[in-house]
Protein chains: 2
Amino acid sequence: MLDLSLPTGLRDMLPDHSAHLAELTGKLHRVFGSFGYRRVLLPTLERLEVVERGLSPAALAGVLKFVEPGSGEVVAIRPDITPQIARLYAARPDALPAPARLCYDGPVLRAREARAGRPREVVQVGVELLGLGGSRADAEALVVLSRALARVGLSHAVIEVGHARFAPEVVAAARLPAKAQAEAALALLRKDEGALADLARHGRGSQAARQAMPELATLYGEEALPRARRIARAIPGAAAALREVESALRLARRRGVGAVAIDLGEARDLGYYTGITFAGHAPGAGASVAAGGRYDGLLARFGRADPAIGFAIDLEFATQALERKGAAPRTRRRR
Amino acid sequence: MLDLSLPTGLRDMLPDHSAHLAELTGKLHRVFGSFGYRRVLLPTLERLEVVERGLSPAALAGVLKFVEPGSGEVVAIRPDITPQIARLYAARPDALPAPARLCYDGPVLRAREARAGRPREVVQVGVELLGLGGSRADAEALVVLSRALARVGLSHAVIEVGHARFAPEVVAAARLPAKAQAEAALALLRKDEGALADLARHGRGSQAARQAMPELATLYGEEALPRARRIARAIPGAAAALREVESALRLARRRGVGAVAIDLGEARDLGYYTGITFAGHAPGAGASVAAGGRYDGLLARFGRADPAIGFAIDLEFATQALERKGAAPRTRRRR
């Protein structure tokens with residue numbers, strides 16, 4: 001008998017669930033379109049060199065790559081669509097003058113589960129605003145995300161905003177030895193307050209910075225903003241990052257974005273964020289239903305040194321959150 | 001400078017073109033849904049063993065395969081969605097009782113161009129009617145295809161109907177030596193009348209069959225049906241195939257399908273068709289805009305011995321045909 005199983009970690013989506021994902025995708029594109037974002041459709045494979053240029057070493061460990069028969073080129077199955085969009089934008093200034101508002105949907109695939117419970121293949125639906133920097137563009141991304149979540153029934157989701165440089169500036173000001181610095185980055189990803197406190201003891205930087213380090217693990221929730229302001233007073237880099245977050249939030253609130261919170265200890269390992277970062281959290285989802293941020297360095301790596309910001313919605317987690325709310329058909333899925 | 005090119009033979013779809021493809025996909029799913037077909041979403045990769053079970057050796061030569069790091073499994077990027085659906089249907093009788101009407105859309109990828117001018121990666125949108133045999137189901141497939149083509153603006157497309165067994169039965173009745181038989185299959189794919197006439201001379205079968213062989217290359221168009229009937233008179237297997245074609249056409253015409261024609265010399269190399277086959281042809285498209293047929297043997301290879309029929313629409317060629325008609329934005333695309 002033939003073994004009918006799928007490759008490890010992959011699954012089929014049965015009719016009800018698939019219809020629901022397709023419906024969500026359609027709704028999201030209509031919201032994106034109403035803000036002037038235009039769809040692009042990009043290939044499943046990229047040359048590995050292009051993917052490497054777009055991701056951090058940690059993210060690259062999960063990339064599926066192989067040599068193409070015939071051409072002998074080393075290619076990768078896309079693990080993320082943002083670096084693809086960056087490559088397209090850099091390659092086609094003729095067709096995509098700045099600012100370019102692009103959106104997409106499609107599966108991305110990884111060699112192994114990045115986190116427990118995370119499927120290897122997920123459908124991402126997202127937007128990128130390319131060639132526009134500053135707080136207005138930051139706020140636009142938050143507004144589009146907020147409207148998109150509301151449109152699919154996730155208006156109860158909270159958008160948590162952080163900044164790619166806030167925590168690193170604090171750690172840099174604490175002046176840790178190189179090894180401790182790498183450990184601090186990992187401790188931040190885990191939000192491990194104890195480890196951050198231990199590592200801070202090895203710092204030769206200001207006492208303010210060393211005291212602030214463990215605080216990064218809990219720099220979210222109601223009291224986060226005044227605490228972040230206090231930390232930023234002694235660390236100019238952190239203060240600059242915080243100003244960007246506050247400007248974006250102010251403009252976004254003026255445009256009607258309600259449910260926003262702050263998480264300035266938030267750390268990502270994609271390797272391309274440079275400014276505000278944000279994630280959409282909804283009760284019932286196994287992880288954030290959306291994630292994004294500003295990546296002003298990425299386009300330069302592809303030869304077109306423009307600022308950019310974008311986000312992707314993870315349809316799987318969005319559906320989990322909707323099922324918890326009772327707004328999606330609850331279906332058994334085969335892994 | 002980083003080389004921003006894509007892997008050989010792949011391309012990006014820019015905004016206007018992508019929006020058009022997405023719109024066509026949505027329209028097609030609405031037609032399929034109106035006939036009771038339900039969407040499934042299947043993974044990018046399958047185990048190679050599953051793909052091998054579904055395709056002919058010729059089609060397998062174009063499959064992209066590699067060993068997965070970690071699990072060591074040999075996997076393939078799907079070159080076709082029909083064998084995936086067959087695998088799903090066989091694996092999930094609980095969720096998919098017969099008859100199951102399923103539809104899908106997604107990219108399929110091949111190692112090299114199967115035909116000149118054919119891109120390596122195409123988006124297929126299609127339906128499968130599983131667990132239902134006979135002329136009524138054949139006619140349903142023709143009706144759904146006809147409505148789908150009309151819905152996207154290709155009502156001028158002609159559906160050419162053939163049968164996977166008609167030409168092979170004629171060749172079998174001509175009793176060629178083994179080598180000539182293999183050559184005849186290739187000559188049929190090329191519709192090479194001269195080669196078929198030469199090969200027929202080596203046959204030891206009936207004179208009727210040997211005379212019919214070169215005719216297979218031209219068994220399409222207005223006069224094809226009476227000529228096919230004449231050929232079938234002396235070859236019972238061909239007569240049985242022709243009866244299936246005529247029944248399906250009669251029922252489909254009764255349900256309003258107008259633009260159908262016959263092509264009984266049509267040969268495919270996918271390796272799973274057993275009954276009627278059909279293709280949608282529209283002026284301006286580089287190749288057929290749709291193709292499908294009955295595959296009553298494929299599901300048994302996966303352990304659920306049910307009949308089935310289905311087709312896929314090639315969005316790229318459909319768009320070419322619409323552009324020629326002036327109904328789609330004409331965009332330059334980068335290869």
Side-chain angles (χ1 to χ4, degrees), chain A residues 1-19 21-22 26 29 33 38-47 49-50 53 64-71 73 75 77 84 87-88 90-92 95-96 102 104 106-107 109 111-112 121 123 301-303 332 334, chain B residues 1-19 21-22 26 29 33 38-47 49-50 53 64-71 73 75 77 84 87-88 90-92 95-96 102 104 106-107 109 111-112 121 123 301-303 332 334:
Chain A
M1 254 305 281
L2 179 65
D3 171 5
L4 297 177
S5 66
L6 283 168
T8 309
L10 297 181
R11 64 234 154 102
D12 297 313
M13 306 285 187
L14 287 170
D16 289 347
H17 191 59
S18 298
L21 295 181
H29 278 297
R38 300 161 76 211
R39 243 180 234 244
V40 286
L41 197 56
L42 302 172
T44 301
L45 303 180
E46 290 277 344
R47 292 189 313 106
E49 197 190 2
V50 163
R53 191 63 67 107
L64 272 176
K65 46 188 177 285
F66 60 95
V67 176
E68 282 225 68
S71 71
E73 286 172 316
V75 299
I77 300 181
Q84 273 197 306
R87 192 260 311 141
L88 173 70
R92 299 300 308 268
L96 302 170
L102 302 179
Y104 60 84
L109 190 60
R112 49 186 161 194
E121 183 167 45
V123 177
R301 294 188 219 164
F302 293 99
R332 275 178 311 136
R334 180 187 176 83
Chain B
M1 254 305 280
L2 178 65
D3 171 5
L4 297 177
S5 66
L6 283 169
T8 309
L10 297 181
R11 63 234 154 101
D12 296 314
M13 306 285 187
L14 287 170
D16 289 347
H17 190 60
S18 299
L21 295 183
H29 278 298
R38 301 161 76 210
R39 245 180 232 244
V40 286
L41 198 56
L42 301 172
T44 301
L45 304 180
E46 291 276 346
R47 294 188 313 105
E49 197 190 1
V50 164
R53 191 63 66 108
L64 273 174
K65 46 187 176 283
F66 61 95
V67 175
E68 283 227 69
S71 71
E73 287 171 315
V75 299
I77 300 181
Q84 272 197 306
R87 192 260 312 140
L88 173 69
R92 300 300 307 270
L96 303 170
L102 303 178
Y104 60 84
L109 190 60
R112 49 184 163 197
E121 184 168 43
V123 178
R301 294 188 219 165
F302 293 99
R332 274 178 311 137
R334 179 188 177 82

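None of the values given here were measured: they were computed from a predicted structure. So that the names make sense, note that chain A is the first sequence line, chain B the second, and so on, each numbered from 1.
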- Message: For chain B, which candidate among A:Ala22, A:Ala19, A:Ser71 shows the most heavy-atom pairs at distances under 4.5 Å?
- Response: A:Ala22

- A:Arg47 versus chain B, the contacting section by heavy-atom distance below 4.5 Å: both

- Side chain, backbone, both or neither: which part of B:Leu45 has a heavy atom under 4.5 Å from chain A? both

- Query: What closest approach, in Å, do B:Glu68 and A:Pro7 show between heavy atoms, and which atom pair accounts for it?
  - Reply: OE2-CB, 3.8 Å

- Per-residue contact mode, A:Pro43 against chain B (heavy atom under 4.5 angstrom): both

- Return the option, out of A:Leu109, A:Leu96, A:Leu41, with the maximum number of heavy-atom pairs under 4.5 Å with chain B. A:Leu41

- Query: Given the options A:Arg53, A:Gln84, A:Lys65, which has more heavy-atom pairs under 4.5 Å with chain B than any of the others?
  - Reply: A:Arg53

- Message: Before you tell me yes or no, could you show the steps for A:Arg301 and B:Leu2 under side-chain contact (heavy atoms from CB on, under 4.5 Å), namely the whole-Å CA-CA distance, both residues' side-chain angles and the distance that decides it to 0.1 Å?
- Response: CA-CA 8 Å; A:Arg301 294 188 219 164; B:Leu2 178 65; over 6 Å; no

- Walk me through it: do B:Arg38 and A:Asp16 pass the test side-chain contact (heavy atoms from CB on, under 4.5 Å)? CA-CA 8 Å; B:Arg38 301 161 76 210; A:Asp16 289 347; 2.9 Å; yes

- Task: Could you check which of A:Leu102, A:Val40, A:Ile77 has the highest count of heavy-atom pairs closer than 4.5 Å to chain B?
- Result: A:Val40

- Query: Relative to chain B, which segment of A:Val67 carries a heavy atom at a distance below 4.5 Å: side chain, backbone, both, or neither?
  - Reply: neither

- Item | Heavy-atom proximity to chain B below 4.5 Å, by part of A:Ala90 | both

- Message: Is any side-chain heavy atom of B:Phe302 closer than 4.5 Å to one of B:Leu88?
- Response: no

- Pick whichever of A:Leu42, A:Leu21, A:Val123 has the most heavy-atom pairs under 4.5 Å with chain B. A:Leu42

- Task: Apply the test side-chain contact (heavy atoms from CB on, under 4.5 Å) to residues B:Leu64 and A:Val75: give CA-CA distance (whole Å), side-chain angles for both, the deciding distance (0.1 Å), then the verdict.
- Result: CA-CA 11 Å; B:Leu64 273 174; A:Val75 299; over 6 Å; no

- Message: Please classify the contact of B:Thr44 with chain A as side chain, backbone, both or neither, using a heavy-atom distance under 4.5 Å.
- Response: both

- Message: Please find the pair of heavy atoms, one from B:Arg11 and one from B:Glu121, that lie closest to each other, and give the distance.
- Response: NH2-O, 3.2 Å

- Note on the structure: Whatever's closer than 4.5 Å to a heavy atom in chain B on A:Glu73 counts as side chain

- Query: So, do B:Leu6 and A:Arg87 sit near enough that their side-chain heavy atoms are less than 4.5 Å apart?
  - Reply: yes

